[in-house]
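Structure record follows, encoded as structure tokens.
Atoms within a ligand are numbered from 1 in the order they appear, just like the ligands themselves. Bear in mind that the values here come from a model prediction, so they are computed numbers and not experimental data. Just so you know, residue 1 is the first one in the sequence shown, and it goes up from there.
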Amino acid sequence: MQRIQNFIDGQYLDAQELGWLDNYNPATGKVYSMIADSNEADIELAYAAAKAAQKDWENTSSENRFKILNRIAELIDINNTEFAKAESIDQGKPFWLAKNEITRAAQNFRFFATSAMQFSSESHQMEGFAINYTLRQAIGVVGCISPWNLPLYLFSWKIAPALATGNCVIAKPSEITPMTASLLGKICNEAGLPKGVLNIVHGLGPKVGNAMVSHPKIKAISFTGGTSTGKHIASIAAPMFKKLSLELGGKNPNIIFADCDLEKAVKTSVQSSFLNQGEICLCGSRILVQKSIFESFKTAFLEEIKKLKVGNPLNDDTKVGAIVSKMHFDKVLSYIELAKQEGGKILAGGHSVQLEDDLKDGWYIAPTVIVNLSYDCRTNQEEIFGPLVTLTPFDTEEEALTMANSTEYGLACSVWTNDLNKAHRVAASIESGIVWINCWLLRDLRTPFGGVKYSGVGREGGLEAMRFFTEPKNVCIKYN
Ligand code: NAD
């Protein structure tokens with residue numbers, strides 16, 4: 001059985017304690033590989049390698065950093081099919097979707113490669129007296145921790161800007177989806193990334209992840225994952241005054257006004273509800289629909305959902321693949337039970353799906369649509385992160401905003417309307433870090449990315465990421 005080792009100082013190594021964890025294929029429900037079960041000793045080893053590489057990497061010209069990161073992007077593109085297959089098997093997502101996501105991971109490297117060349121800082125003149133300039137320097141050794149839903153995409157979204165700005169990195173992918181991060185090490189060596197600049201450590205969050213966050217010399221942590229994990233990480237890192245970026249959970253509203261283009265709203269809402277089995281932090285799980293079009297939206301939406309085939313992630317016609325783990329599968333099913341107890345009526349799905357042959361023990365759930373729930377019940381307030389959405393009618397714009405802003409989260413929101421004034425008004429009043437008007441998941445990598453309230457602190461993307469991974473120092477020079 002394949003063993004997924006750590007990648008430290010340019011070499012693939014077993015964990016120091018020689019322990020292994022099972023890695024499952026969600027499509028079959030079977031163990032198909034083993035992951036290094038790392039601990040503090042592996043973090044110490046990775047830190048030593050990163051520390052030794054730090055000065056040289058920081059002093060590497062931005063043009064050379066660009067060349068290496070750009071080469072990593074090219075190699076990911078060349079190996080797209082291998083990576084996408086690995087991602088699909090590891091995560092349960094349809095292969096065609098994995099291909100898109102691997103392309104997007106390459107784009108992350110390419111985008112931040114060019115950012116390395118273009119990053120600049122400010123100067124402030126005190127006329128006649130002095131000039132200040134801001135030196136933006138690499139932080140040093142930084143830690144990046146990522147979740148299981150978009151494994152290589154989110155991993156690269158952190159690593160690429162950290163490397164572009166001259167930091168050495170210790171990165172931990174989710175123990176549930178470690179495969180493509182592991183393949184990345186080989187590509188980094190091939191692209192000429194110096195040894196020790198990127199170190200990938202596998203294992204359990206509370207064990208090796210915790211050791212990374214607690215390490216006194218790792219000066220910044222960029223984390224994407226659940227809100228409760230984020231809270232825990234903040235409680236350890238904040239007293240050590242580490243720089244922290246926390247991208248956390250969400251419960252995103254998708255607001256459909258009566259004056260929208262209904263056909264487009266329906267088609268995109270199917271995507272924003274069920275793409276990647278609803279396991280995207282930006283999915284809109286609470287669909288709020290203005291009363292006058294509630295019935296027509298519902299009918300058209302349910303009609304579209306019938307076209308979504310739940311199936312083998314490796315098949316081209318599969319639209320909904322497997323749920324990432326048994327634990328998550330049970331969690332989503334438990335929320336369907338909760339919704340029923342709360343008085344919800346299931347209009348579609350509401351159950352697991354058993355496929356045949358090798359896939360009979362895989363974790364599949366039918367796309368589920370629930371109505372008749374109050375906007376403030378638990379089903380509508382807590383993050384479920386699966387193929388489950390609720391439809392809730394509203395009367396007025398004010399009521400839609402009350403419902404939309406009622407959760408403790410604030411990551412993303414979609415708004416469907418053809419009234420320009422309303423679109424601007426609602427966008428300004430929504431409590432979230434991202435608002436899409438008449439679209440969903442359109443991503444420009446230069447824009448700030450992140451959430452408010454319990455969805456996180458700090459922003460990623462473009463200059464925000466370049467600034468996060470650098471320490472600004474003001475230098476003031478007095479004129480003679
Ligand atoms: P998780 O919090 O369980 O795990 C995320 C990562 O943190 C994993 O690598 C895990 O091993 C590690 N970890 C766990 N405990 C840790 C600890 N004590 N110390 C250090 N590291 C630890 O999240 P998940 O279940 O992998 O991912 C799903 C969550 O991620 C959802 O809540 C989703 O909304 C969120 N998410 C947010 C965004 C965003 O951009 N805001 C993007 C994707 C996913």
Side-chain angles (χ1 to χ4, degrees), residues 21 23 35-40 43 90-91 93 101 104 108 143-159 170-178 181 200-215 218 221-237 242 244-252 275-285 323-329 331-332 382-386 407-413 432-434 441 443 447-461 464-465:
L21 301 163
N23 188 29
I35 320 163
D37 180 11
S38 313
N39 65 16
E40 311 85 62
I43 291 292
D90 216 24
Q91 206 272 343
K93 66 180 75 244
E101 282 174 19
R104 291 176 66 207
N108 284 343
C144 298
I145 303 177
S146 57
W148 50 255
N149 62 323
L150 311 174
L152 192 69
Y153 176 74
L154 289 173
F155 199 61
S156 57
W157 182 236
K158 297 183 177 306
I159 289 168
I170 302 175
K172 193 196 98 55
S174 169
E175 59 273 37
I176 301 172
T177 54
I200 301 168
V201 180
H202 296 280
L204 299 170
K207 192 168 163 185
V208 70
N210 209 64
M212 186 196 294
V213 176
S214 313
H215 195 287
I218 298 176
I221 298 289
S222 174
F223 169 80
T224 299
T227 295
S228 59
T229 314
K231 265 187 209 169
H232 175 76
I233 287 177
S235 74
I236 296 175
K242 294 190 186 215
L244 263 186
S245 167
L246 301 172
E247 302 294 340
L248 310 176
K251 186 74 179 176
N252 308 313
L275 193 70
N276 202 39
Q277 302 73 245
E279 297 164 337
I280 300 180
C281 55
L282 304 167
C283 278
S285 55
I323 300 295
V324 71
S325 67
K326 174 75 166 72
M327 203 164 116
H328 196 55
F329 172 80
K331 174 184 162 180
V332 177
E382 297 174 15
E383 185 182 47
I384 301 171
F385 212 51
T407 74
E408 61 183 16
Y409 297 107
L411 185 55
C413 171
S432 75
I434 300 157
L441 207 63
R443 293 277 297 115
T447 59
F449 179 92
V452 300
K453 304 200 287 190
Y454 277 47
S455 289
V457 183
R459 293 291 180 273
E460 299 186 312
E464 303 279 347

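Within the 3.5 Å criterion, the main-chain N or O of C281 finds a donor-acceptor partner in the side chain of N252. The backbone N or O of V213 sits less than 3.5 Å from a side-chain atom of K242, completing a donor-acceptor pair. Between the H328 side chain and the F385 main chain, a donor and an acceptor come within less than 3.5 Å of each other. The backbone N or O of S146 lies less than 3.5 Å from no partner atom in the side chain of T224, so there is not a single donor-acceptor pair. Using modelled atom types, one side-chain atom of N108 and one backbone atom of Y153 make a donor-acceptor pair closer than 3.5 Å. Remark: side-chain polar atoms of K251 are not paired, donor with acceptor, to backbone N or O of E408 under 3.5 angstrom. In this structure a side-chain-to-backbone donor-acceptor pair under 3.5 Å is present from K93 to N149. Judged purely by atom type and a 3.5 angstrom limit, S455 uses its side chain to pair as donor or acceptor with the backbone of G249.
Proximity to C281 (heavy-atom distance under 4.0 Å) selects the following atoms of ligand 1: 34 (O), 36 (N), 37 (C), 38 (C), 39 (C), 40 (O), 42 (C), 43 (C), 44 (C). The L411 neighbourhood of ligand 1 comprises atoms 41 (N), with distances under 4.0 Å to a heavy atom of that residue. Atoms of ligand 1 found under 4.0 Å from any heavy atom of P206, numbered from 1 in the order shown, are 15 (N), 16 (C), 18 (N). Those atoms of ligand 1 with a heavy atom of L154 less than 4.0 angstrom away are 42 (C), 43 (C). Below 4.0 Å from some heavy atom of H232 lie the following atoms of ligand 1, by number and element: 18 (N). The atoms of ligand 1 that sit less than 4.0 Å from any heavy atom of N210 are 18 (N), 19 (N), 20 (C). Residue T229 approaches ligand 1 through these ligand atoms, each under 4.0 Å from one of its heavy atoms: 1 (P), 2 (O), 3 (O), 13 (N), 14 (C), 15 (N), 16 (C), 22 (C). Below 4.0 Å from some heavy atom of P173 lie the following atoms of ligand 1, by number and element: 9 (O).
Where the criterion is an N or O separation shorter than 3.5 Å, residue side chain and backbone included, L204 fails it with respect to ligand 1. Between N149 and ligand 1, not a single N/O pair is under 3.5 Å apart. At a 3.5 angstrom cut-off on N or O pairs, W148 counts as close to ligand 1.
Looking only at protein heavy atoms, the nearest one to atom 7 (O) of ligand 1 is F223 CE1, 3.1 Å. Given atom 23 (O) of ligand 1, the protein heavy atom at minimum distance is G226 N, 3.3 Å. Shortest contact from atom 17 (C) of ligand 1 to any protein heavy atom: G205 O, 3.4 Å. Atom 31 (C) of ligand 1 has as its closest protein heavy atom E383 OE1, 3.4 Å. Protein heavy atom closest to atom 12 (C) of ligand 1, with residue, atom name and distance, is I145 CG2, 3.7 Å. The nearest protein atom to atom 10 (C) of ligand 1, hydrogens excluded, is given as E175 OE1, 3.6 Å; this is a heavy-atom distance. Looking at atom 40 (O) of ligand 1, its nearest protein heavy atom turns out to be F449 CE2, 3.2 Å. Nearest protein heavy-atom neighbour of atom 28 (C) of ligand 1: F385 CE2, 3.8 Å.
Within 6.0 Å of CZ on F329 lie more than 12 heavy atoms contributed by other residues, nucleotides or ligands.
Every residue two or more places apart in sequence or in another chain that forms a side-chain hydrogen bond (donor to acceptor under 3.5 Å, both in side chains) with K453 is listed here: E431. Applying the side-chain hydrogen bond (donor to acceptor under 3.5 Å, both in side chains) rule to K331 yields no partners; only residues at least two apart in sequence or on another chain are considered.
Residue S146 places a heavy atom under 4.0 Å from ligand 1. Residue contact annotation: S174 has a non-hydrogen atom under 4.0 Å from ligand 1.
For the atom pair E247 CD and E460 CD, the distance stands at 4.0 Å (nearest 0.5 Å).
Residues I218 and I43 have side chains in contact (heavy-atom distance under 4.5 Å, counting atoms from C-beta outward). Counting only heavy atoms from C-beta outward, the side chains of L248 and Y409 never approach each other to under 4.5 Å.
Heavy atoms of I233 found under 4.0 angstrom from ligand 1 belong exclusively to the side chain. Only the backbone of L248 comes within contact range of ligand 1, with a heavy atom under 4.0 Å; no side-chain atom does.
Protein heavy atoms are absent from the 4.0 Å sphere centred on atom 4 (O) of ligand 1.
When P147, S455, G209, P178 are checked for heavy-atom proximity to atom 21 (N) of ligand 1, G209 turns out nearest.
Considering all non-hydrogen atoms of both residues, S325 and I176 come closest at CB-CG2, 4.4 Å.
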